[in-house]
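Reminder, nothing fancy here: chain letters follow the sequence lines and each chain counts from 1.
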2 protein chains.
Amino acid sequence: MMNNTKNFDKSREQNSLESAEDYTELIYDLISLKGEARVVDIAASLGISHVTAIRTISRLEKKGFLITKSRSPITLTKKGTSLALFSKNRHQTLLKFLLFIGVPKQVAEKDVEGMEHHVSKTTLKTIESYMGQHT
Amino acid sequence: MMNNTKNFDKSREQNSLESAEDYTELIYDLISLKGEARVVDIAASLGISHVTAIRTISRLEKKGFLITKSRSPITLTKKGTSLALFSKNRHQTLLKFLLFIGVPKQVAEKDVEGMEHHVSKTTLKTIESYMGQHT
DNA sequence: ATGTTAATGTAGCCTAGGCTACAAAGCTAG
DNA sequence: CTAGCTTTGTAGCCTAGGCTACATTAACAT
C-alpha cells in the first residue's frame, strides 16, 4: 500500500516549484524596479487575477520563500532570493542560447517562459559550455 | 468585464494539450508495440493510477483525440494520430539536439519530457536547421 | 472629516490532475 | 461452471491554479 505523500510531493515539488520560481523572480524584479512588490503588480505582470496571486503567494509563504504582512509589500526570504537569482540566471542563459542558435527574439522570449522550468542544471551547464566553445 | 472563457481556454489549451500530446503519443506507441492500447498499460507507463488515466482519457475523447468503447482498447482518431506523430517527431528532434550539444543521454531524456511541450514550431525548425548546418 | 478609489482579502465555484477504496465485468483455470 | 485474478469503471477526497462577486482597509483629495 503506497504512501500517498510520495506522489503528492512529486507533483507538488514540480508544480509548486514552477510557481515558486516565477513568483520569486518576479518579486525580485519588482523590488529592483519599483522598490517594492505588491499583489496588484504581481497579478498584473502574470496576467492573472489578484485573488489567484494572493492564494499562491500565501502558499509560497508557507513554504518559506517569502514573507507577507497584511496590506504590506511582499519580501523575499533568503531561500526566496536564492531561487529568484537562480531562476533569473537560468532564464537568461536559456534565452541567450535560443538567440544564439537563431530563434527570433519574440519566439525565444515566449518559449523560454515555458521551457525554463524543465531544464536541469546539467543541461544548463552544457549549454553554457557549448556557447563558450562556439563563439 | 472580461469574458471568463478566454482565460479558461488559455490554460485549458495549455494544460490539456500537454496531456493530449503525452497520451496520444503513448497510445500510438502502445499500439505499435503491443497491438493495442489499454488503460492499465497507459497508467503504468505514465506512472499514475488507472483512475487518473481513465478520467484524462475520457476528457481527450470529448476533445476528439481518441475513441473509447467500454472495456475495449483505445484507438486514436485522425486528429489524435496527427498529434501523436507531431509530438513524437518533436520529441526526437529535441532529444537529438540535446545530445548534439553534449547533454548526457539520461539527463537529456528526462529534460526533454518537460521541455518538449513548450517548444514552438519556429524554434523546432531553427533547431533542425542549426543541426543541419553544424554537422 | 468624509467620500471615492485603489489595494487587499474572503467566499465560493470551476477545471485538471493526483489518489484510495470499492464495485462490476471479463478471462482463464481448474 | 464457478472461483479468482485482471481490467475497467465509479465515488469521493485532495492540491493547485483559474475566476467573479463581494467585503474590508487604507490612502487621498476635497
Please determine, for the side chain of B:Val39, which listed nucleotide (D:dT8, C:dG18, D:dG18) has the closest atom?
D:dT8
Rounded distance (Å) that lies between atom C1' of D:dA16 and atom CD of A:Glu61
18 Å
Report yes if at least one side-chain N or O of A:Thr52 is closer than 4.0 Å to OP1 or OP2 of D:dG17; otherwise report no.
no
Show the numbers, then the answer: is there a side-chain hydrogen bond (donor to acceptor under 3.5 Å, both in side chains) between B:Glu116 and B:His91?
CA-CA 6 Å; B:Glu116 55 183 346; B:His91 185 105; 2.7 Å; yes
Testing D:dG9, C:dT8, D:dG18 for proximity to the side chain of B:His50, the answer is D:dG9
Interatomic distance, A:Glu18 CD vs D:dG17 P [rounded to whole Å]:
9 Å
Distance, rounded to the nearest Å, where B:Ile74 contributes CD1 and D:dT8 contributes P:
7 Å
Which residue is it: A:Val103, A:Ile101, A:Leu95? I am looking for the one with a side chain to side chain contact (heavy atoms under 4.5 Å, CB included) to A:Leu99.
A:Leu95
Assuming nearest nucleotide by heavy-atom distance, tell me which of B:Arg55 and A:Val51 is located more 5' along DNA chain C.
A:Val51
Picking from D:dG17, C:dG17, D:dG18, the nucleotide nearest the side-chain atoms of A:Ile48 would be D:dG18
Whole angstrom value for the distance that separates C1' of C:dG17 from CD1 of B:Ile54
14 Å
Gap between atoms CZ and P, on B:Arg59 and D:dG9 respectively (whole Å)
15 Å
Phosphate OP1/OP2 of D:dG9: any B:Ser70 side-chain N/O under 4.0 Å
yes
For the base of D:dG9, is there a side-chain donor-acceptor partner from B:Arg71 under 3.5 Å away?
no
Side chain to side chain, B:Thr75 and B:Leu66, heavy atoms closer than 4.5 Å:
no
Whole-Å distance between C:dT8 P and A:Ile42 CD1?
9 Å
Can you tell me how the ring of B:Phe100 sits relative to the ring of A:Tyr130, calling it parallel under 30°, perpendicular over 60° and tilted otherwise?
tilted
Any side-chain N or O of A:Ser49 less than 4.0 Å from the OP1 or OP2 oxygen of D:dC19?
yes
Verify the contact: side-chain N or O of B:Thr56 to OP1 or OP2 of C:dA16, cut-off strictly under 4.0 Å; return yes or no.
no
Given B:Thr77, which of B:Leu60, B:Leu83, B:Thr24, B:Ile67 fulfils the side chain to side chain contact (heavy atoms under 4.5 Å, CB included) condition?
B:Ile67
Atom-pair distance (NZ on A:Lys34; P on C:dA7), nearest Å:
9 Å
Taking OP1 and OP2 of C:dG17, is either one under 4.0 Å from a side-chain nitrogen or oxygen of B:Ser19?
yes
Would you mind classifying the nucleic acid contact of B:Arg38 as base, sugar-phosphate or nothing, using non-hydrogen atoms under 4.0 angstrom?
sugar-phosphate
Respond yes when some side-chain nitrogen or oxygen of B:Lys63 is under 4.0 Å from OP1 or OP2 of C:dA16, and no when none is.
yes
In whole angstrom, what separates B:Leu17's CG from C:dT15's P?
18 Å
